[in-house]
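Ligands are counted one by one from 1 in listed order, and the atoms in each one are counted from 1 as well.
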Amino acid sequence: MTDLTNQVAIVTGASRGIGRAIATLLALQGAQVVCVARSEDELVEVAHKVNGLAIVADVSDEQDAQLVVGGTLSRYGRLDIVVCNAGVGSFNLLENFSSEEWDRMFDVNVKGTFLLCKAALPHLKEQRRGHIVGIASDASKRTFVHGTAYGASKYAQHAVLDALRREARPHGIKVSVIYPGLVDTHFNESKPGAPEKEKTHLQPLDVAQAVRYVLEAPAHVAVDELMLHPMTQEW
Ligand code: NAP
């Protein structure tokens, strides 16, 4: 098993939802966690709780992505784990989407993943080890009505990470992708915590446990993909 104690992990989208649960669980395993998102107040609160570092950044901005990696290295002197979790989604018939809304989903979900991996890779390659984890979606592997823009961005994020796995493995770097079904978070302006969602949705901690599982796999084991759904969700 890989011990996460003192491993340095960047978690994007750590201000709430799945990212917050991942940051909390990794810190509980002894990792040093760098929390990244745009909402400063929520982010600082999470970073304080996990005794980690808060870096306010927009993952779709290349300079911000470089600053996140640079800030991590100057604080901890190393980088072991990169969790590309930040994401946005909205759902509508194709003709009702504005091109701005389309761009927003691709900027955060696809370009955000690309930019952080691009910034982190030279350091992971130099160390000849590291682990990149992408939080994709079951919408990376199936289409549905109202899901054109989000689905296209999540298919693309999955493709980026899938191809990167082939590039990274010869350098000793693992790339794992998690594909959750419905999760009870603030996603798409939802309000989490309604009692009826306990059966219909996963909890953020369920996804965080999946991330922990792939990270703790022994050094010789690469968990490439992991999909999870609530029991009630059709797949
Ligand atoms: P959430 O509660 O809305 O959280 C999204 C997180 O992403 C927030 O911390 C948000 O922080 C951050 N974020 C958004 N845009 C950002 C940007 N430009 N730069 C930096 N951070 C940004 O949603 P969630 O459900 O936890 O979503 C996390 C991931 O899970 C996403 O990739 C989503 O596609 C995926 N997912 C969600 C579900 C679901 O049903 N909820 C299912 C499958 C996959 P700020 O707004 O403060 O920046």
- request: Would you check if the distance from the ring center of Y179 to the ring center of H158 is below 6.0 Å?
  value: yes
F97/Y150 aromatic ring centres below 6.0 Å: no
Hey, which atoms in ligand 1 end up nearer than 4.0 Å to a heavy atom of [X]?
X	result
L182	40 (O)
V88	14 (C), 15 (N)
D58	17 (C), 18 (N), 19 (N)

query: How about E126: does its CD atom have over 12 heavy atoms from other parts shown lying under 6.0 Å from it?
result: no
- prompt: Should the heavy atoms of other residues, nucleotides or ligands under 6.0 Å from CD of Q127 be counted, would the total exceed 12?
  reply: yes
Check whether any side-chain heavy atom of [X] sits under 4.5 Å from a side-chain heavy atom of [Y], and report yes or no.
X	Y	answer
C35	I55	no
K154	M105	no
L53	Y76	yes
R16	T185	no

[atom]: the protein heavy-atom neighbour that sits closest, reported with distance to 0.1 Å:
atom	answer
atom 19 (N) of ligand 1	V59 N, 3.0 Å
atom 24 (P) of ligand 1	T185 OG1, 3.5 Å
atom 20 (C) of ligand 1	A57 O, 3.3 Å
atom 47 (O) of ligand 1	S39 OG, 2.4 Å
atom 12 (C) of ligand 1	G13 CA, 3.5 Å
atom 27 (O) of ligand 1	F187 CD1, 4.0 Å
atom 9 (O) of ligand 1	S15 OG, 2.7 Å
atom 40 (O) of ligand 1	V183 N, 2.9 Å

[X] and [Y]: side chain donor to acceptor below 3.5 Å:
X	Y	answer
D3	T5	yes
Q157	T113	yes
Q233	D138	yes
E225	S176	no

Among [options], whose heavy atom sits nearest [atom]?
atom	options	result
atom 31 (C) of ligand 1	D64, I135, N85	N85
atom 42 (C) of ligand 1	G181, S60, S137	G181
atom 5 (C) of ligand 1	A86, G87, A65	G87
atom 17 (C) of ligand 1	H229, R38, R20	R38

- prompt: Does ligand 1 have any atom that is closer than 4.0 Å to a heavy atom of Y150?
  reply: yes
task: May I ask whether A136 places a heavy atom under 4.0 Å from ligand 1?
output: yes
query: Do any N or O atoms from the side chain of R165 and from the backbone of D224 form a donor-acceptor pair under 3.5 angstrom?
result: yes
query: Hey, is the main chain of G193 close enough, under 3.5 Å, to the side chain of D184 for a donor-acceptor pair?
result: yes
Does the N or O separation between [X] and ligand 1 drop below 3.5 Å for any pair?
X	result
I18	yes
P180	no
R16	yes
D138	no

message: Heavy atoms only, cut-off 4.0 Å: how does A139 contact ligand 1, side chain, backbone, both, or neither?
response: neither
- line: Any heavy atom of K154 under 4.0 Å from ligand 1? The part involved is side chain
